[in-house]
Number of protein chains: 2
Amino acid sequence: MVTIRDVAREAGVSVASASRALNQNPNVTPETRARIQDAARRLRYIPHEGARSLTRRRCDAIGVVLPDLFGEYFSELVRGIDRVAHASGLQLLLSNMHGSPHETATAIRAMRGRVDGLLVMSPEGDGSHLHDALPHGLPAVLLNDDHTHGEASAVGIDNEGGARAITEHLVAQGYRRIAHIAGPRHNRDARQRQQGFVDAIAATIGERGPVIVPGDFTEAGGAEAARLLIAGRVPFDAIFCANDMMALGCMAVLEDAGLAIPDDVGVAGFDDIPLAGYASPPLTTMKVHIDELGAHAMTILLARMRDDGAAPTTHILAPTLVARASTARVKFDYRTPSRTHVATEGN
Amino acid sequence: MVTIRDVAREAGVSVASASRALNQNPNVTPETRARIQDAARRLRYIPHEGARSLTRRRCDAIGVVLPDLFGEYFSELVRGIDRVAHASGLQLLLSNMHGSPHETATAIRAMRGRVDGLLVMSPEGDGSHLHDALPHGLPAVLLNDDHTHGEASAVGIDNEGGARAITEHLVAQGYRRIAHIAGPRHNRDARQRQQGFVDAIAATIGERGPVIVPGDFTEAGGAEAARLLIAGRVPFDAIFCANDMMALGCMAVLEDAGLAIPDDVGVAGFDDIPLAGYASPPLTTMKVHIDELGAHAMTILLARMRDDGAAPTTHILAPTLVARASTARVKFDYRTPSRTHVATEGN
DNA sequence: CTGAAAGCGCTTACAG
DNA sequence: CTGAAAGCGCTTACAG
């Protein structure tokens with residue numbers, strides 16, 4: 001491949017001059033600059049960014065380490081991150097830790113010397129295991145975490161508050177026997193959402209031990225949990241799923257079982273992925289502004305990269321309730337008002 | 001930040017020995033190796049990958065340049081790429097060209113010296129403009145292109161064949177006045193799908209100038225096109241949309257207008273994004289095996305990276321028909337067989 | 001087995 | 001304005 005030495009030789013100047021001309025440095029006469037640029041064009045010279053960043057001590061890139069790259073959730077997250085990063089002329093180096101805590105450390109280490117900052121989302125554990133992996137001196141922001149670790153800032157979601165809000169919505173709709181399909185046991189979001197649910201049930205209905213079925217954040221897991229619920233003896237008239245994908249799987253099973261949504265059973269999710277609005281009936285959920293989460297985290301990272309002396313901070317974003325037909329037993333069931341009545345009687 | 005010199009000093013050896021010990025090189029006595037590894041651990045040393053790749057002349061990373069990072073399509077594509085890349089221990093450096101042909105060149109150049117290979121998807125133009133931007137000597141594979149450019153291989157989709165197949169399906173279902181909502185004018189996929197549609201209509205129905213409404217691959221664009229169709233005087237009993245997102249927007253408008261799908265109007269899309277199966281009614285579409293497209297391209301790139309003397313190749317993947325309820329006027333309308341009859345009479 | 005040296009491709013003080 | 005030199009952090013022949 002052609003290097004800056006080739007360009008310098010072709011133009012009859014030193015590599016120093018070539019570098020200056022190619023980098024818009026003013027200390028070059030127009031003539032030599034033109035000669036150098038011509039040579040570069042003729043040789044189809046493209047600078048080696050790896051070498052550049054080694055000497056410039058900056059990469060103009062930021063690393064993003066995620067548990068997965070797939071699905072609407074991460075897609076939106078990356079979109080938000082990219083919006084801010086691109087505006088600052090930064091490239092994104094994405095890394096997939098494939099859900100493995102061990103690979104997280106590997107992925108983070110592989111970023112050293114390639115990026116100027118790091119965005120990390122590690123949904124399991126308390127984040128202290130990240131402390132060892134994070135390169136000392138590299139600005140970092142934890143995504144979806146609710147407190148800082150070492151020098152890393154954090155941007156999180158108010159999962160507990162969100163879970164409380166949607167549970168209260170179910171209660172307000174008249175549902176009284178509300179079950180919860182939880183997320184993965186070690187997942188931080190899942191635990192917090194479950195906690196918010198339990199608290200809200202206790203505060204509103206006064207029930208101390210609501211039904212909680214384990215789940216795994218997948219559509220199949222939601223379906224399986226719904227089957228368990230139906231097979232069990234405990235009656236229920238609503239299900240709050242810890243995320244939307246499970247709610248979708250859950251709804252399919254309920255309908256197959258002949259249960260009408262929202263009349264026999266109300267269903268609510270969490271996240272508001274695009275699919276949620278297309279489900280039939282459309283799914284009530286807590287909208288997590290995922291792209292804003294990403295954009296916000298990136299903005300904070302930029303600030304830290306400029307001033308790395310600043311103390312790490314924590315930001316918590318509030319999700320918002322999106323009430324749709326899947327829980328519209330009382331107020332929102334504009335489509336089949338008669339059936340609402342029947343169902344209410346039926347329960 | 002701590003460098004290998006710090007480790008060497010701490011362990012009382014030369015940087016050469018430190019490097020060897022840290023890279024599992026056998027030429028180190030167990031004792032010195034242990035001493036060096038201890039020092040590295042104590043200092044929390046993490047190697048500078050940028051410097052490593054400069055001397056090793058390889059980055060263990062591959063660059064992916066896409067028109068956008070958002071949406072299910074790219075999400076699945078990246079998933080497929082990552083599956084293969086990860087198995088080979090390669091990182092992914094993603095770049096978003098934000099739909100701009102100009103930014104494509106910038107994004108590609110920025111990859112020089114950071115990656116060992118390049119995957120590029122540039123949906124507009126004929127790909128020859130890429131020729132100038134692709135660094136000479138860097139293995140590259142074009143995604144979604146149907147012929148090679150320079151040294152770059154290509155992996156494409158049989159859009160024409162797919163469009164013909166789904167058009168024939170509509171005809172087989174009894175639809176006779178089939179309109180097409182096209183994709184962006186300069187988009188290669190869109191043009192090929194339109195061509196396949198036109199050919200199939202001519203071959204089956206004998207119609208030479210079927211109705212074609214411009215679109216833009218977005219949901220809003222599909223809705224707008226559907227409104228145009230309804231407002232126009234030309235009768236239609238089916239719509240083949242150039243992609244699924246437009247089909248979704250299209251269906252919403254049709255239903256609002258009181259048209260029953262599939263009885264009054266059949267609707268078909270292209271891509272089979274996950275949303276397609278969730279639409280009501282579920283959408284008939286051509287499944288493009290997007291993740292396989294990505295995995296396939298990555299596999300080819302790996303082969304090129306091993307043997308860069310090989311001649312560039314072209315691979316075309318065939319999409320498969322997924323018949324769902326949105327076109328089930330004749331055979332698949334298991335839900336409302338009576339209405340099928342009515343609708344057929346009605347037309 | 002170990003170390004001194006060269007070099008990867010670039011940029012940037014430092015002289016002139 | 002221009003060039004020679006040092007250096008970014010590493011690896012790898014080359015000697016010993």
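By convention in this document, chain letters (A, B, ...) are assigned in the order of the sequence lines, proteins followed by strands, and residues within each chain are numbered from 1. All of these numbers come straight from a predicted model, not from anything done at the bench. Reckoned from all heavy atoms, side chains included, excluding hydrogens, waters and symmetry mates.
Nearer the 5' end of DNA chain C, as judged by each residue's closest nucleotide, is the contact made by B:R57, out of B:R57 and A:N23.
Here the CG-CG distance, from A:L90 to A:D116, works out to 7.0 Å after rounding to the nearest 0.5 Å. From B:I157, atom CD1 reaches atom CG of B:D271 across 7.5 Å, with rounding to the nearest 0.5 Å. Atom OH of residue B:Y45 and atom CD1 of residue B:I36 lie 11.5 Å apart, to the nearest 0.5 angstrom. Taking CG of A:L302 as the start and CD1 of A:I62 as the end, the distance is 8.0 Å to the nearest 0.5 Å.
For B:V15 against B:R5, the heavy-atom pair with the smallest separation is CG1-CA, 3.8 Å. Taking all atoms of both residues into account, the shortest heavy-atom contact from B:N96 to B:P67 is OD1-O, 3.3 Å.
Side chain to side chain, A:N23 and A:R56 fail the donor-acceptor criterion of an N or O pair below 3.5 Å.
Only B:A16, B:S19, B:R20, listed by number, bring a heavy atom of residues 8-22 of chain B to less than 4.0 angstrom from any atom of DNA chain D. For the segment residues 105-120 of chain A, the set of residues with a heavy atom within less than 4.0 Å of an atom of DNA chain C is empty. A heavy atom closer than 4.0 Å to some atom of DNA chain C occurs in A:Y45, A:P47, A:H48, A:A51, these being the qualifying members of residues 28-51 of chain A.
Between B:H315 and B:H296, the ring planes lie perpendicular to each other; the angle is over 60°, past the 30° to 60° tilted range.
By the neighbour-count criterion of 12 heavy atoms within 6.0 Å, atom CZ of A:R42 is densely surrounded, having more than that number from other residues, nucleotides or ligands. In B:R44, the CZ atom is crowded: over 12 heavy atoms of neighbouring residues, nucleotides or ligands sit closer than 6.0 Å.
Between chain A and DNA chain D, the heavy-atom contact criterion of under 4.0 Å yields a 5' to 3' nucleotide range of D:dC1 to D:dG9.
Under a 4.0 Å N-O distance rule, the pair A:D38/A:R41 qualifies as a salt bridge. Note on B:D82 versus B:R79: no salt bridge recorded, every NZ/NE/NH1/NH2 to OD/OE distance being 4.0 Å or above.
For the strand DNA chain D, secondary-structure stems (runs of at least three Watson-Crick or G-U pairs, all distances below 3.5 Å) span C:1-3 with D:14-16, C:5-12 with D:5-12, C:14-16 with D:1-3.
Side chain of B:S153 to main chain of B:T313: a donor-acceptor pair is present (N/O by atom type, distance under 3.5 Å, no hydrogens or angles).
Counting only heavy atoms from C-beta outward, the side chains of A:Q91 and B:R114 approach each other to under 4.5 Å.
By the salt bridge (Lys or Arg N to Asp or Glu O under 4.0 Å) test, B:R109 pairs with no residue at all, sequence neighbours left out.
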